[in-house]
Amino acid sequence: MEESESTSDNQRPWQSYHTVYTNAKAGMDGVDKEKVQRVVYEMSKGSKYFENEERKESFIRQKIEHMRARAAKLSAADLSHYQKVVDKRILELEASRELSRIWLHVDMDAFYAAVETLSDPSLKGKPMAVGSMSMISTANYEARKFGVRAAMPGFIARKLCPELIFVPTDFKKYTHYSDLTRKVFQNYDPNFMLASLDEAYLDITEVSKERGITGGEIAEELRSRVHEETGLTCSAGVAPNRLLAKVCSDINKPNGQFVLPNDCIAVMTFISSLPIRKIGGIGKVTENILRGVFGINTCEEMLQKGSFLCALFSPSTADFFLSVGLGLGGTDKPEARFRKSISSERTFSATQDATLLYQKLADIAEMLSADMQKEGLLGRTLTLKLKTASFEITNVEVGTTKCPKEEVLWVPQEDSSVQREPEDRNLDSNKEASTSRNEEFFSSNQMELLYWVDDYKCSLCGAELPSSFVEERQEHSDFHLAERLQKEESGADSRAMMPRQRIYPKDPLASQKLSRICYPRIPSVPVSQLSVSPLQSSSNRIPPKAHLNSLQKGTKTKPYNETTSKDMEEAISTIPSMSDILASSRAQNLDLQLQTVGPFFRITAKSLESNRELGRAEGLIRVWFGGKILHLDSIRLKRDTLSMERSIFGIGLFIGAVAIRYGYDCGCRTAELLAINDSDLYHSKLVRFYQRIGFKTVYEVTGSTIGDMAHMLMWGGIGTRMDASIEELLVKWCRRFKSQD
DNA sequence: GCGGATCAC
DNA sequence: TATGGTGATCCGC
C-alpha cells in the first residue's frame with residue numbers, strides 16, 4: 001500500500017497536495033477533480049504558502065502516527081474499560097435525545113454571487129466569482145462546474161476558468177438582502193438564530209402545530225416567500241435538531257430542501273452512512289485524523305470505535321463524536337449571545353521596513369479602536385497576531401494591566417521572531433489586533449440601561465426604591481455607574497476613579513525627562529510608613545444616627561451644591577474622621593495603609609482575609625499661592641476586586657476617602673485631578689462619575705494651546721481638569737463611613 | 001491565562 | 001504578483 005502510494009506520488013505529485021477545494025460541495029458533481037487538483041498543485045508548487053501547507057500536513061501526519069501508536073498500545077483491559085465507559089455514556093446521551101422539536105436550517109444559494117447577479121443581470125449564466133485575485137468568497141454555479149469555489153485564490157480560479165468574471169465584494173448589498181430574508185424568517189420563528197448573513201436556524205415547532213402543517217410544507221412556503229421578497233433562491237433542511245438540519249439543507253442544494261422526520265429510526269438510518277466531513281465542526285484535519293487513526297469514515301463508525309475515541313480524546317471531544325454517531329444535536333431554545341471578541345486584520349505584501357510595519361500596526365489599531373467605539377465596547381485582553389511571509393502565525397496577548405500597549409505588544413513580538421527564524425523577521429506580512437476573552441468582554445452601552453421598572457424597581461439589580469427616595473436613587477445609580485467603571489477600568493488598564501499617569505513621549509529622552517517631572521516615585525522602602533489609624537482621634541465624630549439624619553434633611557430634596565451655609569455648618573461637624581473611615585473599611589475586611597515621603601503619599605488597600613493588595617492611590621500635597629492642594633495622581637484597583645461583593649465604594653472610595661481625609665489633615669482645601677481622555681465614550685462617563693462624587697470641571701486640556709503643554713507636563717495627558725472642595729467631599733460621602741455599631 | 005490550532009462562513 | 005477577514009472554541013501547558 002505504502003509502495004503504490006509513493007509511486008503514484010512520483011508520477012502524479014498533485015495527489016499528495018491536500019486542499020479543501022476538492023471537498024464535495026454543492027454544484028460540483030461533474031467536475032474533473034483530477035484536473036482541478038493538478039492545476040491547484042501546479043499553481044501553488046514552490047510558493048511560500050505551499051511550503052507552509054506541507055509543513056502543516058507533515059505535522060498532522062506526525063500527530064496521526066503518534067495517536068496510532070497510542071491506540072496500538074491500549075491493552076485488552078484498557079479497551080474493555082473504555083467500552084464500559086462508552087456504553088454508559090451512550091445510554092446517557094440517548095436518554096437526552098429530543099425528538100419533539102422541529103428545526104429548519106435555511107441557506108441562501110451562492111448568496112454573494114446571486115446578489116451580484118441580481119444587481120447586474122448581464123452576469124446571468126456566466127461563470128462568476130465574488131472576490132479578488134487573492135481570494136474568492138463565493139462562486140456561482142456556472143463557475144463551480146470548472147472547479148472554482150469559495151476560499152480558492154482568484155488567480156488559480158482564473159487558471160481553471162479563464163473567462164471567469166470577478167466581482168468585488170460589497171457587504172452593504174449583502175446585508176440589505178440578508179435583512180430582507182430575516183423579515184421572512186421572523187414570521188416563522190421570532191427567535192430565529194442567524195448563523196451568518198446567509199444562514200439561519202428556525203425552531204418551527206410552534207408554527208407547525210398552530211397551523212397544522214408539516215415541516216416540509218413550512219420549508220416550501222418559507223423558501224417561496226424568501227424568493228418573493230428577494231428574488232433569490234435558498235435551500236432548507238428540516239430535522240429534529242440543528243446539527244441534522246444543517247446537513248439536510250445541503251442535500252438538495254441549490255433551490256431544494258430535504259426533510260428528516262422526527263423519528264429515531266429515520267435519524268439512525270440517515271446518520272449511518274453519512275460521511276463525517278458533512279458534520280459541522282469536523283473539518284479537513286479532524287477528518288484526516290479520524291480516518292488515519294481509526295479508519296472512521298461515516299458517523300456510524302464513531303459508535304463502533306467509541307472505546308478508542310474515549311481513550312484518546314478529551315471527554316468533551318469524545319462526547320461530541322459520540323453524539324454525532326447518535327445523530328444528536330442542539331435542540332434547545334437559543335440564548336442571547338454576546339460577542340466575545342472584536343478584531344481587525346490586514347494582509348499586505350512582505351516588507352522589511354520597520355517604519356512601515358509600525359505604521360500598519362497603528363492603522364490597524366486605529367480601525368479596531370473605531371470599530372469598538374462604534375459599538376461602545378471596551379476590551380480586557382489585547383492580542384497581536386503576526387503572520388510572516390512564510391505564513392506562520394504568532395499571537396501575543398496582553399492582559400491590560402500591563403502598559404503601554406504598543407510597546408508590550410510589539411517589541412517582544414519582534415524579538416521572538418528574531419529568535420525563531422531570523423530571516424523571517426523582515427518579511428512580516430500581516431498584523432491583527434484584537435481584544436477578547438470570554439466573559440471579560442462587555443458592552444459599556446449596557447450601563448445606560450438603568451431605569452426604574454414601574455417607577456419602582458432597578459432594572460439592573462432589582463433593588464426596590466420608590467420615586468420619593470430621590471437621594472437614594474441617585475446614590476443607587478452612582479453605585480451601578482461606579483461598579484461598571486470599576487469593571488471596565490480594572491480591565492482596561494487598571495486606572496480607576498482617579499486618573500492614572502499617562503504620557504505620549506515623542507522620543508525616549510522626552511519620556512525620561514517628563515517622567516522625572518511628573519511622576520515622582522515613592523521609594524520602595526518608605527521613609528515613613530504609618531498605619532493610618534493612630535493618626536486621628538475621633539474627637540469630631542458625632543453619633544452615627546445624628547449625622548445621618550442631619551445630612552438626609554439637608555440633601556434629600558436638593559442637589560448638594562445648593563446646600564445652604566447653615567446646612568454646611570451642621571454637616572461639617574459630621575465629617576468622618578480618619579478612624580471612622582478605617583473602622584468602616586475594616587468592617588469591609590479592608591486594611592488601609594498610608595505611606596508618605598515628603599509631599600508624596602501612597603495609600604494601599606489590602607484584604608484582611610487574603611492579605612493581598614486590592615488597590616492603591618498616589619499623589620502629593622502641592623503648595624500653591626492660596627494654600628495647599630491635594631493632587632491625586634492615580635487610584636488603581638486590582639482585578640481581584642472584581643470578583644468581590646464590594647462595590648467601588650467599598651474599595652475605591654475608601655482609598656479616596658483616606659486620601660481626602662489625609663489632605664484635610666494636611667490643611668488642603670482643594671483636591672485636583674485630571675479625568676484623562678483616552679476615548680470620548682469613556683471620558684464622558686468618567687467626567688460624569690467625578691461630577692457625581694463632587695468634582696467640578698475647571699479646564700479642558702486639549703493639547704491645542706501652549707498653555708495646555710504645561711498641563712500635559714503636569715498630568716501626562718489630555719483630559720478634563722477637575723477640582724473639588726475637600727470639605728464638601730467629606731460631607732457628601734460621610735454616610736458611607738458611619739460607624740458600624 | 002496564554003498561545004497554537006481548527007473550523008465555519 | 002498573488003492564498004482573506006472575523007469570530008468562536010478547544011487543547012495543552
Side-chain angles (χ1 to χ4, degrees), chain A residues 17 19-21 23 25 40 43-53 55-56 59-60 63 107-108 110-112 130-138 149-159 166 168-169 171 174 178 194-200 246 250 277 279-289 312-320 337-350 364 367-368 371 380-387 389-402 412-413 416 429-438 440-441 639:
Chain A
Y17 180 45
T19 63
V20 294
Y21 313 132
N23 178 38
K25 246 219 144 185
V40 170
M43 296 294 290
S44 302
K45 190 177 54 178
S47 70
K48 291 280 186 186
Y49 176 83
F50 181 84
E51 283 169 19
N52 188 250
E53 287 300 298
R55 191 178 58 81
K56 279 168 25 188
F59 185 76
I60 294 166
K63 195 170 167 181
D107 192 341
M108 303 301 294
F111 185 52
Y112 297 175
V130 176
S132 69
M133 267 324 153
S134 296
M135 186 54 60
I136 284 175
S137 294
T138 314
R149 52 158 291 169
M152 179 181 274
F155 66 93
I156 294 181
R158 195 178 49 182
K159 191 82 173 177
F166 286 87
T169 47
F171 280 97
Y174 315 144
S178 181
L194 213 60
S196 65
L197 280 182
D198 73 321
E199 269 182 54
K246 166 111 176 110
D250 198 52
R277 185 63 193 276
I279 302 292
I282 298 184
K284 189 181 93 169
V285 174
T286 312
E287 180 190 31
N288 273 334
I289 290 173
L312 294 180
F313 290 99
S314 74
S316 72
T317 307
D319 254 21
F320 170 67
R337 284 140 68 199
F338 298 101
R339 89 153 56 241
K340 297 187 175 63
S341 70
I342 187 166
S343 68
S344 182
E345 68 179 279
R346 257 350 75 121
T347 301
F348 46 89
S349 49
I364 293 167
M367 291 188 272
L368 178 62
D371 289 347
R380 174 151 302 171
T381 306
L382 195 54
T383 303
L384 177 74
K385 171 176 161 183
L386 185 73
K387 187 161 81 183
S390 51
F391 290 91
E392 283 159 307
I393 290 170
T394 310
N395 287 323
V396 183
E397 281 182 7
V398 290
T400 43
T401 51
K402 298 175 200 163
Q413 181 54 49
S416 68
S429 66
N430 173 300
K431 291 198 193 73
E432 167 186 17
S434 74
T435 53
S436 66
R437 224 61 178 185
N438 303 340
E440 298 182 331
F441 194 92
R639 193 172 291 207

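So you know, we letter chains A, B, ... as the sequences are listed, proteins then strands, and number each from 1. Side chains are part of it too, since the values below use all heavy atoms of this structure and drop only hydrogens, waters and symmetry mates. Predicted model, so just to flag it, every value in this text is computed and none were measured.
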- Item | Selection from C:dT3, C:dT6, C:dA8 that lies nearest to any side-chain heavy atom of A:Phe391 | C:dT3
- Query: What is the distance, rounded to the nearest whole Å, between atom OH of A:Tyr49 and atom C1' of C:dG4?
  - Reply: 10 Å
- Message: Rounded to whole Å, please give me the gap between CZ in A:Phe348 and C1' in C:dG5.
- Response: 14 Å
- Base, sugar-phosphate, or nothing for A:Leu197, non-hydrogen atoms under 4.0 angstrom? nothing
- Without hydrogens or angle criteria, can the side chains of A:Ser314 and A:Thr317 be said to hold a donor-acceptor pair below 3.5 Å? yes
- Query: In whole angstroms, how far is the P atom of C:dG5 from the OH atom of A:Tyr112?
  - Reply: 14 Å
- Query: OP1, OP2 of B:dG3 versus side-chain N and O of A:Thr394: anything below 4.0 Å?
  - Reply: no
- Note on the structure: Taken in chain and number order and not counting sequence neighbours, the residues that satisfy salt bridge (charged side-chain N to carboxylate O under 4.0 Å, His left out) with A:Arg55 are none
- Message: To the closest 0.5 Å, what do you measure between CG (A:Leu386) and CD (A:Glu345)?
- Response: 11.5 Å
- Taking atom P of C:dG4 as reference, at what distance in whole Å does atom CG of A:Leu386 sit? 14 Å
- Task: For A:Glu53, answer base if it contacts any base atom (sugar-phosphate contacts may also be present), sugar-phosphate if it contacts only those atoms, and nothing otherwise; contact means non-hydrogen atoms under 4.0 Å.
- Result: nothing
- Task: Looking only at side-chain atoms of A:Met133, point me to the closest of C:dG5, C:dA2, B:dT6.
- Result: C:dA2
- Task: Look at the side chain of A:Asn395 and decide which nucleotide, out of B:dG3, B:dC9, C:dT3, has an atom nearest to it.
- Result: B:dG3
- Query: Think A:Ser316 has a side-chain N or O under 4.0 angstrom from the OP1 or OP2 of C:dC11?
  - Reply: yes
- For A:Arg346 and C:dT6, is the shortest distance between a side-chain N/O and OP1 or OP2 below 4.0 Å? yes
- Task: Mind calculating the distance between CZ (A:Phe59) and C1' (C:dG12) to the nearest angstrom?
- Result: 11 Å
- Task: Map A:Ile393 and A:Ile279 onto DNA chain B by nearest heavy atom, then report which one ends up closer to the 5' terminus.
- Result: A:Ile393
- Look at atom CZ of A:Phe166 and say whether more than 12 heavy atoms of other residues, nucleotides or ligands are closer to it than 6.0 Å. yes
- For A:Arg158, which contact category applies under a 4.0 Å heavy-atom criterion: base, sugar-phosphate, or nothing? base
- At under 4.0 Å, does any side-chain N or O of A:Lys387 touch on OP1 or OP2 of C:dG4? yes
- Query: Which nucleotide in the set C:dT6, C:dT3, B:dC9 lies at the smallest distance from any side-chain heavy atom of A:Ser196?
  - Reply: B:dC9
- Message: Measure NZ/A:Lys385 against C1'/C:dG5 and give the value in whole Å, please.
- Response: 8 Å
- Message: If you assign A:Thr317 and A:Ser343 each to the DNA chain C nucleotide with the nearest heavy atom, which residue ends up on the more 5' nucleotide?
- Response: A:Ser343
- Query: Could you state the interatomic distance from OG (A:Ser343) to CE (A:Met367), rounded to the nearest 0.5 Å?
  - Reply: 11.0 Å
- Query: Using a cut-off of 4.0 Å on non-hydrogen atoms, how would the nucleic acid contact of A:Lys284 be classed: base, sugar-phosphate, or nothing?
  - Reply: sugar-phosphate
- Charged N to carboxylate O under 4.0 angstrom, A:Glu53 versus A:Lys56? yes
- Item | From C:dC11, C:dA8, B:dT6, nucleotide with atom closest to A:Lys340 side chain | C:dA8
- Query: How is A:Thr138 classified with respect to the nucleic acid when contacts are heavy atoms under 4.0 Å: base, sugar-phosphate, or nothing?
  - Reply: nothing
- Message: Rounding to an integer number of angstrom, what distance separates B:dA8 and C:dT3 when you compare their P atoms?
- Response: 23 Å
- Who pairs with A:Lys246 by salt bridge (charged side-chain N to carboxylate O under 4.0 Å, His left out), at least two apart in sequence or on another chain? A:Glu199
- Scan A:Ser132 against the nucleic acid and name what it touches under 4.0 Å (heavy atoms): base, sugar-phosphate only, or nothing. nothing
- Query: Side chain of A:Ser44, base of C:dT3: donor and acceptor closer than 3.5 Å?
  - Reply: yes
- Query: Are any of A:Arg339's side-chain N or O atoms less than 4.0 Å away from OP1 or OP2 of C:dG7?
  - Reply: yes
- Message: Below the 4.0 Å mark, does B:dC7 have OP1 or OP2 next to a side-chain nitrogen or oxygen of A:Thr286?
- Response: yes
- Find the distance A:Asp250:CG to B:dA8:P and express it as a whole number of Å. 12 Å
- Message: Does A:Lys246 reach a base, just sugar-phosphate, or nothing at all? Heavy atoms under 4.0 Å.
- Response: sugar-phosphate
- Message: I need the CG-C1' distance between A:Asp107 and B:dC9, as an integer number of Å.
- Response: 9 Å
- Query: Base, sugar-phosphate, or nothing: which does A:Tyr21 touch, judged by heavy atoms less than 4.0 Å apart?
  - Reply: base
- Item | N/O (side chain, A:Ser47) to phosphate O (OP1/OP2, C:dA2) under 4.0 Å | no
- Under 4.0 angstrom, heavy atoms only, what part of the nucleic acid is A:Leu194 near: base, sugar-phosphate, or nothing? nothing
